[in-house]
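The structure under discussion appears below in the form of structure tokens.
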Amino acid sequence: MQDFSYQRPAALTAAIEAFEQAEDGRFLAGGQTLLPVMKHRLATPSDLIDLAGISDLEGISIAGSALSIGAMTTHARVASAAEVHDAIPALAKLAGCIGDPHVRNRGTLGGSIANNDPAADYPAAVAGLNATVYTDRRRIAGDDFFTGFFETALEEGELITRVEFPVAAAACYQKFDDPASGYAVVGVFVSRGSQGVRVAVTGATPCVFRMRDLEAALNRKFTPETVSGFCVPEEECNDDLHATAAYRSHLVGVMATRAVAAITDGEM
Amino acid sequence: MATLTLTVNGKPVSAQAEANTLLVEFLRETLGLTGTHVGCDTSQCGACVVHLDGLAVKSCTMLALQAEGTEVTTIEGLAPPGSLHPMQVAFHQNHGLQCGFCTPGMVMASVALVTDNPNPSEPEVRQGLAGNLCRCTGYQNIVKSVIAGARAMER
């Protein structure tokens, strides 16, 4: 890894100030992606600003009819927290199938969505549950947050503080994971709440997206059979060493069917 | 260079570390604790697993400076010098290793797994060791060892 300077401020304001003063600063959350990326010199920041010292960024609470999770909360904590199991069990399950146990002990919600890896799991939950992303300066609707391949609506130096997930009546995440990395080859998050059905797909294309035509159909008739009339065209799917585009296109239907079936069977 | 202060295997440690020093490099090169291995250096193989405040982490995917103020346990600190932890004994008795390179990480991951889940089933052990690779593919006996080790840790 190239040389850089490291600091761990204890307050949000100090972290933002450190970023502004740095020549080419990067915030460090759990580091489970950023550090491997830096080892490959795909990122060469002059300054790393570690957010682990800011206790305000960590924690889980119920805020009205939503579950609020701090940006620095680890996947392991989300997977095991009673509040998450009670409010949105599908979210606990999703967090518990990210990477492996050691990665889950370090990796964080904020780090995952800020990175927006096309095969990451959390973006499916943010889009699939109509979550709101809170930053140091504003709130961003989940639908507007993920803008492209590793791209988000975050501005330079903007810091995610927490994410608010509305509690859905029912939700399920179905993932076909890569056996080596644990990343989603395809993952489909389906939720059904007072605002209707949402279907968010990760892994299949360069960026998480909602299948709005399928959502409309499921709003009319919420059955696994409804899914069969809808697909993501092969031409839009990722094609790499892990899976062909045709395979991913097929998997979207399989995972969506399983998610809807699990909700109708009450096996969330 | 910054001064890093933490607890390693129960002993207070204070030493210099560069910002770009990985925790595993600090343990092996600065402290001479070479039981923790570097297998892939890409956070896939788990040979570098240590406990950080009781949680299993990949020490090749952490900066040494991120461990400031924490308690780190390595394979050397699992049991008092000259003795073995029940999980180490179980790996020995069940031939839970072939070349032995992955073993320190396997044992550290297994102890963390059993601490969370004292009586794991075989699928739970396999799932719990998803972050640890054995290039000898000696998984059958590793799983057998972890189940035996879990029983021994209960006693």
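By convention in this document, chain letters (A, B, ...) are assigned in the order of the sequence lines, proteins followed by strands, and residues within each chain are numbered from 1.
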Atom group of Leu63(B) that falls short of 4.5 Å from chain A, counting heavy atoms: both

Distance (rounded to the nearest 0.5 Å) between Leu35(A) CG and Leu23(B) CG: 11.0 Å

Under 4.5 Å from a heavy atom of chain A, the part of Leu113(B) involved: neither

side-chain contact (heavy atoms from CB on, under 4.5 Å) involving Phe176(A) - partner list, sequence neighbours excluded: Val185(A), Tyr247(A), Leu251(A), Met255(A)

Heavy-atom donor-acceptor pairs under 3.5 Å, chain A with chain B:
unit_1, atom_1, unit_2, atom_2, d
Met1(A), O, Asn20(B), ND2, 3.0
Gln2(A), O, Asn20(B), ND2, 3.4
Arg8(A), NH2, Glu68(B), O, 3.3
Gln32(A), NE2, Thr61(B), O, 3.3
Lys39(A), NZ, Asp41(B), O, 3.0
Lys39(A), NZ, Asp41(B), OD1, 2.7
Lys39(A), NZ, Cys60(B), O, 2.6
Asp100(A), OD2, Lys58(B), NZ, 2.6
His102(A), NE2, Asn132(B), OD1, 2.7
Asn105(A), ND2, Ala56(B), O, 2.8

Qualifying residues under side chain to side chain donor-acceptor pair (under 3.5 Å), relative to Thr205(A), sequence neighbours excluded: none

Best-contacting candidate, Ala56(B), Gly69(B), Ala130(B), against chain A by heavy atom pairs under 4.5 angstrom: Ala56(B)

Residue Val49(B) versus chain A: region with a heavy atom under 4.5 Å: side chain

Per-residue contact mode, Ala109(B) against chain A (heavy atom under 4.5 angstrom): both

Part of Leu34(A) within contact of chain B (heavy atom distance under 4.5 Å): neither

With Phe27(A) via ring-ring contact (aromatic ring centres under 6.0 Å, His included) - residues at least two apart: Phe19(A)

